[in-house]
Amino acid sequence: MQNINIFRVMEGRGVRINKEVVDQEIAYGEGRMNQLRRELNGYNPLSHKDLKTLLIDEMKLPILPDRLTPAGKPSFDKNAMKDYEAILENNPAYANGPWGSVASNILEYRGWHITLSLCYKKFSDLVGPDGRLRCDYWLHGTKTGRTSAHDPNLQQIPKDGNKIWNRNIKRAFEADEGYVLLQVDFSQGEMRLATRYAKQPNLTETFQWNRDMWGDMIAALNRPKAQCKTLTYAKMYGAQRNKLRLILGGDDPDQFITDWEAYHDRIVAFSNKVYEVAKKRGYVRYWTGRVRHLPDRRDARLAFNSLLQGGLAEIVKSAMIRLYNEVDNPECRMLLMVHDSVIFEIKREYLEQYITQIKQVMSRVEDEFETNVPFDVEEEMWGLDAA
DNA sequence: CAGATCGTTTTT
DNA sequence: CATGAAAAACGATCTG
């Protein structure tokens with residue numbers, strides 16, 4: 001079976017939508033947006049112009065030098081608004097004014113705008129008469145070889161959130177009667193691939209012994225998990241020294257970076273080699289033979305990330321072929337794919353046995369790709385309230 | 001007015 | 001000159 005046919009089957013199946021939850025959230029969200037707009041004196045939080053008039057001209061807040069848009073204008077995105085919120089809270093001149101909650105109002109308005117227009121309203125418009133929502137996958141939708149999804153883009157539905165505007169998103173999806181929705185992810189797939197390519201001994205051991213990668217890194221580098229994640233992802237994306245310092249903030253970032261690079265010495269050396277080779281050739285070749293041509297061969301920083309992002313996408317697509325051939329059936333249907341995870345609709349009474357089988361088949365990467373680093377997967381139930 | 005670009009949000 | 005990957009999609013605003 002080829003991927004194109006598998007995706008065609010998945011597009012045909014779609015996923016069931018809970019119309020009550022969707023309608024309820026639309027009504028509530030629209031009400032909140034109207035109220036917030038009134039509290040903001042009619043200023044439109046979606047208009048950069050309005051926000052400049054309100055925040056800079058009227059409220060006399062400063063333009064934040066570290067918070068500029070690519071075009072060099074003051075940014076009012078959520079990071080900037082957090083800074084403004086702190087300024088407002090710490091300054092009595094503002095606290096006693098009429099704009100006490102202006103920052104949180106703007107953030108909530110924009111949060112609802114995104115959730116309603118991209119999720120709930122889209123779901124409502126696009127859901128079929130049978131109550132199922134179908135997106136459109138583009139198998140060639142990205143430069144790296146990942147798949148993209150459209151109408152709606154189900155690859156960007158918010159995670160269950162602490163934020164009120166997307167706290168109920170997952171409740172909008174439901175399984176058929178007697179079934180459950182299960183997501184299965186390749187965990188730390190890109191780091192496993194980097195470890196496999198670079199033959200990084202300590203990480204190879206971490207993965208072979210099925211230890212927690214973050215736990216080992218935290219212990220070795222003596223830094224909090226959030227910092228370890230930030231730096232690790234930034235390195236996988238090819239961030240340069242200045243950018244690393246900026247995103248890590250205070251607390252001796254240079255020492256941290258040095259320690260990280262020592263702990264991942266083989267990966268660092270390998271990424272440098274990928275850079276050199278890609279610069280010479282103008283492209284990078286994945287394990288399947290697929291190539292990504294660089295948009296500008298003088299700048300090969302993209303190469304390492306493409307090798308990981310694209311190479312993992314090839315691993316996931318291979319896994320989907322095995323899953324379709326060996327597992328998929330009316331009791332256990334593949335419905336959706338989100339980059340490094342696959343979402344299934346499974347008959348509840350056989351759930352445990354299918355979890356075992358899916359994990360075994362999905363992680364059997366060595367069928368196509370020789371590796372001594374295991375590619376483990378983790379399962380997660382959708383809709384925990386499903387009794 | 002149509003189409004392009006900007007700024008913002010969300011995901012892996 | 002500066003540089004953090006890949007995307008979708010909305011509304012507001014700019015451009016021809």
Side-chain angles (χ1 to χ4, degrees), chain A residues 33 43-53 67-81 106-122 125-126 135-138 140-161 163 165-166 169-170 183 185-191 193-194 229-248 271 274-275 284 292 294-296 298-313 316 336-343:
Chain A
M33 285 177 77
Y43 284 111
N44 181 0
L46 305 184
S47 162
H48 189 267
K49 236 175 168 179
D50 275 19
L51 290 184
K52 185 176 176 296
T53 306
R67 303 281 184 209
L68 299 176
T69 70
K73 290 192 267 190
S75 171
F76 305 115
D77 70 8
K78 60 183 176 183
N79 295 321
M81 293 314 299
I106 290 167
L107 289 173
E108 188 184 343
Y109 184 97
R110 291 193 304 219
W112 277 113
H113 167 251
I114 288 287
T115 303
L116 290 182
S117 63
L118 263 41
C119 296
Y120 295 119
K121 284 183 182 175
K122 277 284 173 188
D125 287 349
L126 297 173
C135 71
D136 177 13
Y137 289 104
W138 291 11
H140 54 277
T142 70
K143 299 292 175 55
T144 56
R146 293 224 286 214
T147 299
S148 64
H150 304 249
D151 301 306
N153 179 7
L154 291 179
Q155 297 191 137
Q156 66 171 149
I157 48 171
K159 298 184 274 209
D160 278 329
K163 289 168 248 154
W165 53 86
N166 57 215
I169 289 277
K170 283 282 172 68
Q183 174 167 347
D185 290 75
F186 277 103
S187 57
Q188 290 103 37
E190 287 170 4
M191 284 298 282
L193 188 53
K229 278 188 160 180
T230 300
L231 178 53
T232 301
Y233 284 121
K235 291 293 277 183
M236 292 302 102
Y237 296 149
Q240 306 298 292
R241 197 82 181 189
N242 281 342
K243 187 70 181 184
L244 293 177
R245 287 202 192 100
L246 188 70
I247 57 182
L248 288 171
S271 74
V274 170
Y275 177 86
V284 59
R292 191 218 166 148
L294 300 175
D296 177 358
R298 289 166 302 184
D299 180 9
R301 286 174 308 148
L302 290 175
F304 180 58
N305 181 257
S306 292
L307 187 71
L308 301 184
Q309 189 182 121
L312 185 64
V316 176
L336 305 170
M337 180 269 206
V338 184
H339 301 309
D340 61 3
S341 68
V342 183
I343 291 102

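Reminder, nothing fancy here: chain letters follow the sequence lines and each chain counts from 1. Values reported hereafter were calculated over all heavy atoms of this structure, with side chains retained and with hydrogens, waters and symmetry mates removed. These numbers were taken from a predicted model, which means no experiment stands behind them.
What separates CG of A:L68 from P of C:dA2 is a distance of 14 Å, to the nearest Å. The separation between A:K121 atom NZ and C:dA9 atom C1' is 14 Å, rounded to whole Å. Straight-line distance from the CG atom of A:L154 to the P atom of B:dT10: 17 Å, rounded to whole Å. Nucleotide C:dA7 holds its C1' atom 11 Å from the NZ atom of A:K143, rounded to whole Å. For the pair A:H113 NE2 and B:dT8 C1', the computed distance is 9 Å after rounding to whole Å. Separating the CG atom of A:D296 from the C1' atom of C:dA2 is a distance of 13 Å, rounded to the nearest angstrom. In this structure, A:Q309 atom CD and C:dA5 atom C1' are separated by 5 Å, rounded to whole Å. In this entry the distance linking NE2 of A:H48 with C1' of C:dC14 reads 14 Å, nearest Å.
Applying the 6.0 Å contact sphere to CZ of A:R241 captures more than 12 heavy atoms from other residues, nucleotides or ligands.
Picking from C:dA7, B:dT10, C:dA9 the nucleotide with the shortest atom distance to the side chain of A:K78 gives B:dT10. The side chain of A:D299 sits closest to C:dT3 out of B:dT10, C:dT3, C:dA12. Residue A:K122 has its side chain nearest to C:dC10 when only B:dT10, B:dG7, C:dC10 are considered. Distances were taken from every side-chain heavy atom of A:D77 (C-beta onward) to each of B:dT8, C:dA5, C:dA7; the shortest belongs to B:dT8. Taking every side-chain heavy atom of A:K73 into account, B:dC6 is the closest of B:dC6, B:dT8, C:dA5. Set against B:dT9, C:dG11, C:dA5, the side chain of A:L107 has B:dT9 as its closest nucleotide. Taking every side-chain heavy atom of A:R146 into account, C:dA5 is the closest of C:dC14, C:dG4, C:dA5. Closest contact between the side chain of A:K159 and the listed nucleotides B:dT12, B:dT10, C:dG11 involves B:dT12. Across C:dA6, C:dA9, C:dT13, the shortest atom-to-atom separation from the side chain of A:H150 is found for C:dA9. In this structure, of C:dA6, C:dC10, B:dT10, it is C:dA6 that holds the atom nearest to the side chain of A:L302.
Counting non-hydrogen atoms under 4.0 angstrom, A:K235 reaches nothing in the nucleic acid. Residue A:T115 is out of contact with every strand shown, counting any heavy-atom pair closer than 4.0 Å. Across all strands shown, A:K52 has no heavy atoms under 4.0 Å from either base or sugar-phosphate atoms. Note on A:W112: nothing from the nucleic acid sits closer than 4.0 angstrom, heavy atoms only. The residue A:R292 sits close only to the backbone: its heavy atoms come under 4.0 Å of sugar-phosphate atoms, none of a base. A:I157 comes within 4.0 angstrom of the backbone, heavy atoms only, and of no base. At the heavy-atom level, A:A149 lies under 4.0 Å from the strands shown only through sugar-phosphate atoms. Within the 4.0 angstrom heavy-atom criterion, no nucleotide atom of any strand lies near A:F304. Note on A:N242: nothing from the nucleic acid sits closer than 4.0 angstrom, heavy atoms only. Within the nucleic acid shown, A:D151 comes within 4.0 Å of sugar-phosphate atoms alone, with no base atom in reach, counting heavy atoms only. Within 4.0 Å of A:R110, counting heavy atoms only, lie sugar-phosphate atoms of the nucleic acid but no base atom.
For the pair A:I169 and A:Y120, the minimum side-chain heavy-atom distance is below 4.5 Å. When side chains are defined from C-beta on, A:R110 counts as touching A:L107, because their heavy atoms get closer than 4.5 Å.
A sub-4.0 Å separation between OP1 or OP2 of B:dT10 and a side-chain N or O of A:K163 is present. In this structure, A:S306 does not reach the C:dA6 phosphate: none of its side-chain N or O atoms is under 4.0 Å from OP1 or OP2. In this model, the phosphate group of C:dA8 is approached by a side-chain N or O of A:S148 to a distance below 4.0 Å at OP1 or OP2. Contact annotation: A:W165 side-chain N/O to B:dT10 OP1/OP2 distance is under 4.0 Å.
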Exercise. Go through A:S306 and A:R292 one step at a time and tell me if the side chain to side chain donor-acceptor pair (under 3.5 Å) criterion holds.
Key: CA-CA 7 Å; A:S306 292; A:R292 191 218 166 148; 3.0 Å; yes
Quiz prompt | Criterion side-chain contact (heavy atoms from CB on, under 4.5 Å) on A:L302 and A:Y237, from CA distance to verdict | solution = CA-CA 8 Å; A:L302 290 175; A:Y237 296 149; over 6 Å; no
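Ring planes of A:H150 and A:W138: parallel class, angle under 30° (limits at 30 and 60°).
For A:R301 and C:dT3, a side-chain-to-base donor-acceptor distance below 3.5 Å is present, hydrogens and geometry of angles not being considered. With hydrogens and angles ignored, no donor-acceptor pair under 3.5 angstrom links the side chain of A:Q156 to the base of B:dT11.
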